[in-house]
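Take a look at the structure set out below.
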Amino acid sequence: MALEGLCLLKSENQIDGLKYPKLDMMLNYILRQQPKLLESTEIRDQNLLFPSNTYIVMIKFLLKCFESELEKNKSLERSPEFMSSVKTFCLLLEHSMSFEGSVELHVTSAKALLVVGSHMPEVVASHYALKVSWLKQLLSHVDWDTQESIACLLGIVSSALPLPATSDLISELTLIFSQTHKSRFETQHGALCAIGYITADYLSRAPPVVSRTNFDPTSGYNNNPPPLLLPLVDSTVNPTGLAFSCKNNCMMPEIFLQETLRCLVDVVNSETSALAAVAMQALGHIGLRISLPPLDNSNSDGILITLHDKLSKLLLSDDVKAIQKIVIAIGHICVKESSSSHLDMALNLIFSLCRSKAEDVLFAAGEALSFLWGGVPVNADTILRTNFTSLSTASNFLMGDLNSSVSKQFPNGQSEHSEEYHASARDAIIKKLFDVLLYSSRKEERCAGTVWLVSLTKYCGNHPIIQKMLPEIQEAFSHLLGEQNELTQELASQGMSIVYDLGDESMKQNLVNALVNTLTGSGKRKRAIKLVEDSEVFQDGALGETVSGGKLNTYKELCSLANEMGQPDLIYKFMDLANHQASLNSKRAAAFGFSKIAKQAGDALKPHLRSLIPRLVRYQYDPDKNVQDAMVHIWKSLVADSKKTIDEHLDLIIDDLLVQCGSRLWRSREASCLALADIIQGRKFHEVGKHLKNLWSGAFRAMDDIKETVRISGEKLCRSVTSLTTRLCDISLTDMSDAHKAMDIVLPFLLAEGILSKVDSVRKASIGIVMKLTKHAGTAIRPHLSDLVCCMLESLSSLEDQGLNYVELHAANVGIKTEKLESLRITIAKGSPMWETLDSCIKVVDAESLDTLIPRLAHLVRSGVGLNTRVGVANFITLLLESVGVDIKPYANMLARLLFSVVKEERSTAAKRAFAGACAKVLNYIPVSQAQKLIEDTAALSAGDKTSQIACAFLLKSYSSRATDVIGGYHAVIIPSVFLSRFEDDTNISSQFEELWEEYTSGERITLQLYLGEIVSLICDGMSSSSWARKKKSAQAICKLSEVLGESLSSHHEVLLQSLMKEIPGRLWEGKDVLLLAVGALSTSCHKAISADGSASSIAILNLISSACTKKEKKYREAAFASLEQVIKAFGNPEFFNMVFPLLFDLCNSKPLKSPVLNDAAKAELDSVEETSIPHNKIIECLTSCIHVAHINDIFEKQKDLMHMYAAFLLPEHKWTVKTTAFLSIKELCSRLDNVMKDSQGTNEHAGVTSLVQELFHSISPKVLHCISTIKIAQVHVSASECLLEILKLSVAVPSVTAINEEFKEELLHQYEIEKNEGAKSILRMCVNILQDWKR
């Protein structure tokens, strides 16, 4: 908070205008609070009065006050008051260097002392000349930055010391390295730093003394010595002849300089990289003052040659900071170097770093090359007597404008002139950069070349050779804009900006054109890079990996892959991708340079705006964040008002983005979609109306893109266009005319290409927007209703989940009922957005809309495909009729006919039911005559096939619920059909008509009586039809009528009987047995009416039924015997006995026959071929009926045959059910004989009774008892016991019947004793009692 409040966290640009207080005012205020702040000791044991952080903030603020006051008035440097304030400030800084302080505090204080010393060196030097020992202590500080600052400060302070004292100080420092026991690392580090600064300062005051015999000051310079040596050349010869002497008699002894240099060289050769780097730094500082002489007079090799091997090893190490110091030191050493061999050695050492991947190393090498080139904007005093660290750090040329930063950092702006002996070095640098590095096949070398070229252009830009080479430099930077390496891109872009600053008007114009061409994609490279095996074409991972996990980035690896795949031409596609990547990189890098050039280019860019702006808008949404940032920079530089610019060029921008939505480059497609999604928001119809269709087309195309990120951007664009379209089509938000125009553009496109698309996401999005449009567009949607409704109805099926279709195909296999599944599908469809849209459409339909809507619906009814579509169109018509009401009348007849025919033909039950409902709804609006015909046609369907019958049921049910008023007068047509259809064999159909019967009728008997005539007429039609099913159904209806109405049916018995009797003769067919049952039922209910016409009719019926009894088909014969029994009972004609008994007797004596082999047609008619067997049960029942109605004498006449039949029925081969039926028949005979015996005492009939009873007692009783003993069924025992009891009772009642033999009696008694059934046992007990009481 303190830093923020004191504006210490802001940059220089941010604090412009801030006024700082004067230094003495702030110091006085602080000292009034804490006077002890000025107390310090040489051993730094004073106590701190504040926490270290407080001191740091205090020092930083005081330093700002110092710099601000000094900047305002340069003359203050000589002011006694200001000098006093500075000394006080220094005392405060000394106090803060206490051992208690933190490392950060010491660093801050040391740097503050150096800043003060750089501005006021005389004051600081004089102040600390007496405190050299205190400064020497700080050289051993643990922090390197503190050591550096103190060493530099010590160099400034040494200028105030006498030369001997300075020499002693240097000797003391070098002595540290000649001791037997090595000092601490920090001590050595600080000493090395100080040796360089102090020796350089010494040399600035006293040039070295050089031996005459071993050194020629003009050698190697073609008699043109450098300015530094001129004092030596002009000096006089010492009388000893051993050395030159300076004019001012203040020279450094040669031996002393050599010892100092030898000490540093020894450290470089023997110590670690950290100390070696500092030693080299010291050599570099000395080299800024003089050309370093050889270490030995007998050896002419320079220091660089001596250290070459060691330096080569150090430059290959991993210590980046050490390499930085070494390479910059090499540059410093070469500033005064005159030997071409030494310069070449230095260049080789620097060039050996061209493949380094450490950016800091490359920048340091670039700085070194700048010193070698000459013309850098700094001098030795700037480097040695200020807090200067390096050109790259001081200029910060990647983060801002170097010219301004350099001017602030080096206010003097004095550049040293380049000597002619550096010309060969400059030629070597140019050759290395332009012939080797900048167009190398290795990206590391290209990056190094870029860094070095930018450094030279920036630091030495005013050099004549640089000025002359600006076109070549521009071309090189343009070429490097497309590099994959981000540092290379950014520096190339920065280089373009530097070239623009340095060039003339023609150069600036050419540069603007080149950058515009690069951004717009029309620029081409003038020089290609030659590819070798290890040339990296793509970055690691850009193309994935090989099958074995290998990389795919170098030219060799790509060629191998293409050959392995058998497609050598694939390498061209790889190169095309690489060129595209380079193009993209060029645009990104160009943007960095352009953003700076644009500020200065001004009107020169205006002709290019039309081509630039659309692309700049798109590039701001590029997937690469770096490209985005670069383009945002250039946009802000180029465009003052972003919104206004986009509005002015909106059509141009949208057209370009729409074209790029279909680009073959995925990043262009993605960026275009994102840009469109952003700029169309909030637009009016007049702005985007002409682009609306293309916007939707572009969004849909992107949503189907092969790349996922493009699809995501397409979905974002779709959401944006959806929002725009919804607003433009909403009549509450947009003018009515514009809303209609927007709807005319969008809706047809969505219906034709969106909803019908094969892309799932496109379909869903289209349906969503159509639903929104329908909700909010109101009447604007009416012109498109027919297309919209039909599209939505078709989509109900086309957009259905395909899983449901699969389930339906396999529903039968998994036990799912089709109707339930169809019901589920329809329910899901009704909850879909399409149905919601249809609901909204119904709300806006008017009479005028029906003209186009009804024909389309009719076409869809005929040709619509899919369950949901067909059910949907039927339900929609139903809802439409409810909405428009009588307006539908002009179309009602056509719809009724159409829907009726569709109901008949439709296979799906659910769709059939839906169409039936719609048809019933239309029935309310058609004329009476048409309604009558429709109802009659519907009723007639009941006589058709299964599909027609189901259609009939659905239609009649729908009529009942939806057209109740209309069908009220047509029950006479409907009810007979419903009644007959109740007897369909198909339970599904019959159950539906049963429901209809319950719905249409209130009471069965009343309804049948009311519509009996129509029903009978329909029955007769059915009986006379060629359909066996209809004959059977009619016969069943007769049975039902006979059952319910009884004698009330007599009025129609004749026609019914005739129709039945007419159909019974002839061949057998499935269901014909029902006709026999119908005859029996009709005879039972109408026997009086039939008999009223005489016995002829009843006899005819009997003969017909008797004839049927002789048929061999089992089911038919059984029905015939059942009908025969009914007929005998119904008419009660005694003559029937003599007519029927012979038939029964013959059948009883006949043997079972096998049915003949039937052909395939007969098998199709009959469900199965069964073994023909005589239905003895039915024969016995008919026999019982005959006995019941026969004259007794007729029975007596057939006594023998009758007993034969009973005896046969009781034989063991018959089933127990036959025996039980026979027992009942015997009981009926006994009952009849008992009645006759009571009514005919003394007559001939009595004799007949006696004879028959005698026969029953002696012949039948033993067989009955045998059945009891042999059959273990309780029901048989009870029934046989009852029969035996009736025979014994009758026998006892007839006096003339002789007694039974004893064997029968014993058998009966035995059977009684073993009988387990209580009921039978009780009856047998009665039988035993009768026999025991029988005495004759």
Side-chain angles (χ1 to χ4, degrees), residues 731 771 773-793 796 826 829-830 834-862 864 869-903 906 911-938 954-970 974 999:
I731 56 177
M771 184 174 68
L773 292 179
T774 308
K775 283 184 177 180
H776 300 97
T779 57
I781 206 170
R782 281 179 179 168
H784 309 281
L785 265 180
S786 58
D787 293 332
L788 176 58
V789 169
C790 291
C791 184
M792 289 295 103
L793 288 171
L796 288 173
I826 294 168
K830 285 186 176 180
M834 290 78 77
W835 191 254
E836 188 175 347
T837 303
L838 291 170
D839 282 338
S840 301
C841 291
I842 289 175
K843 297 176 183 177
V844 296
V845 174
D846 58 0
E848 186 177 351
S849 305
L850 295 176
D851 292 338
T852 56
L853 180 58
I854 295 299
R856 294 291 299 276
L857 288 176
H859 176 73
L860 199 57
V861 168
R862 296 187 191 95
T869 296
R870 298 193 65 74
V871 174
V873 69
N875 291 338
F876 183 82
I877 291 174
T878 302
L879 295 174
L880 180 65
L881 292 172
E882 293 176 356
S883 175
V884 300
V886 295
D887 290 338
I888 202 66
K889 283 189 174 181
Y891 316 96
N893 284 338
M894 180 270 291
L895 284 177
R897 292 193 302 271
L898 175 62
L899 292 172
F900 179 76
S901 62
V902 170
V903 173
E906 184 61 46
K912 190 185 289 287
R913 184 179 286 109
F915 281 120
C919 186
K921 204 68 182 177
V922 176
L923 184 60
N924 292 290
Y925 302 100
I926 61 177
V928 175
S929 59
Q930 295 295 328
Q932 180 178 351
K933 186 176 185 308
L934 180 62
I935 294 172
E936 290 174 351
D937 291 344
T938 302
F954 286 163
L955 284 168
L956 292 178
K957 189 171 183 64
S958 299
Y959 294 165
S960 174
S961 59
R962 300 187 179 186
T964 308
D965 296 338
V966 177
I967 66 169
Y970 300 99
I974 296 172
E999 189 174 334

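Shown here for Ala914 and Val871, the closest heavy-atom pair between the two residues is CB-CG1, 4.0 Å. In plain terms, the two heavy atoms of Leu785 and Cys841 that are nearest each other are CD2-CB, 3.7 Å. In plain terms, the two heavy atoms of Lys912 and Glu906 that are nearest each other are NZ-O, 2.6 Å. Shortest non-hydrogen contact noted between Tyr925 and Val886 is CE2-N, 4.0 Å. Here the closest heavy-atom approach between residue Trp835 and residue Phe876 is recorded as CH2-N, 3.9 Å. Listed here is the closest heavy atom pair of Ser786 and Leu853: CA-CD1, 3.9 Å.
A donor-acceptor contact shorter than 3.5 Å is absent between the side chain of Thr869 and the backbone of Leu796. The main-chain N or O of Gly917 is found under 3.5 Å from a side-chain atom of Arg962 such that the two form a donor-acceptor pair. Looking at Asn875, its side chain never comes within 3.5 Å of a backbone N or O of Gly872 through a donor-acceptor pair. With hydrogens and angles disregarded, no donor-acceptor distance shorter than 3.5 Å links the side chain of Arg782 to the backbone of Val845.
Partner of Leu880 under the side-chain contact (heavy atoms from CB on, under 4.5 Å) criterion, chosen from Ile854, Leu895, Leu838: Ile854.
A distance of 8.5 Å separates CG in Asn924 from OG1 in Thr964, rounded to the nearest 0.5 Å. Atom CG in Leu881 sits 7.5 Å away from atom NZ in Lys921 (nearest 0.5 Å). One distance of note links CD1 of Ile842 with OG of Ser849; it measures 12.5 Å at 0.5 Å rounding. Residue Asp839 holds its CG atom at 10.0 Å from NZ of Lys830, rounded to the nearest 0.5 Å. Note: Ile967 CD1 to Ile974 CD1 = 4.5 Å, rounded to the nearest 0.5 Å. Note that CG of Leu788 and OG1 of Thr774 are 4.5 Å apart. Values are rounded to the nearest 0.5 Å.
Lys933 and Asp937 are joined by a salt bridge, as a carboxylate oxygen and a charged side-chain nitrogen come within less than 4.0 angstrom of each other.
Partners of Arg913 by side chain to side chain contact (heavy atoms under 4.5 Å, CB included), not counting sequence neighbours, listed by chain and number: Thr909, Phe954.
In the displayed structure, Glu936 atom CD is contacted under 6.0 Å by more than 12 heavy atoms of other residues, nucleotides or ligands.
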Query raised in the report: Stepwise, does the side chain to side chain contact (heavy atoms under 4.5 Å, CB included) test hold for Tyr970 with Thr938?
Result: CA-CA 11 Å; Tyr970 300 99; Thr938 302; over 6 Å; no

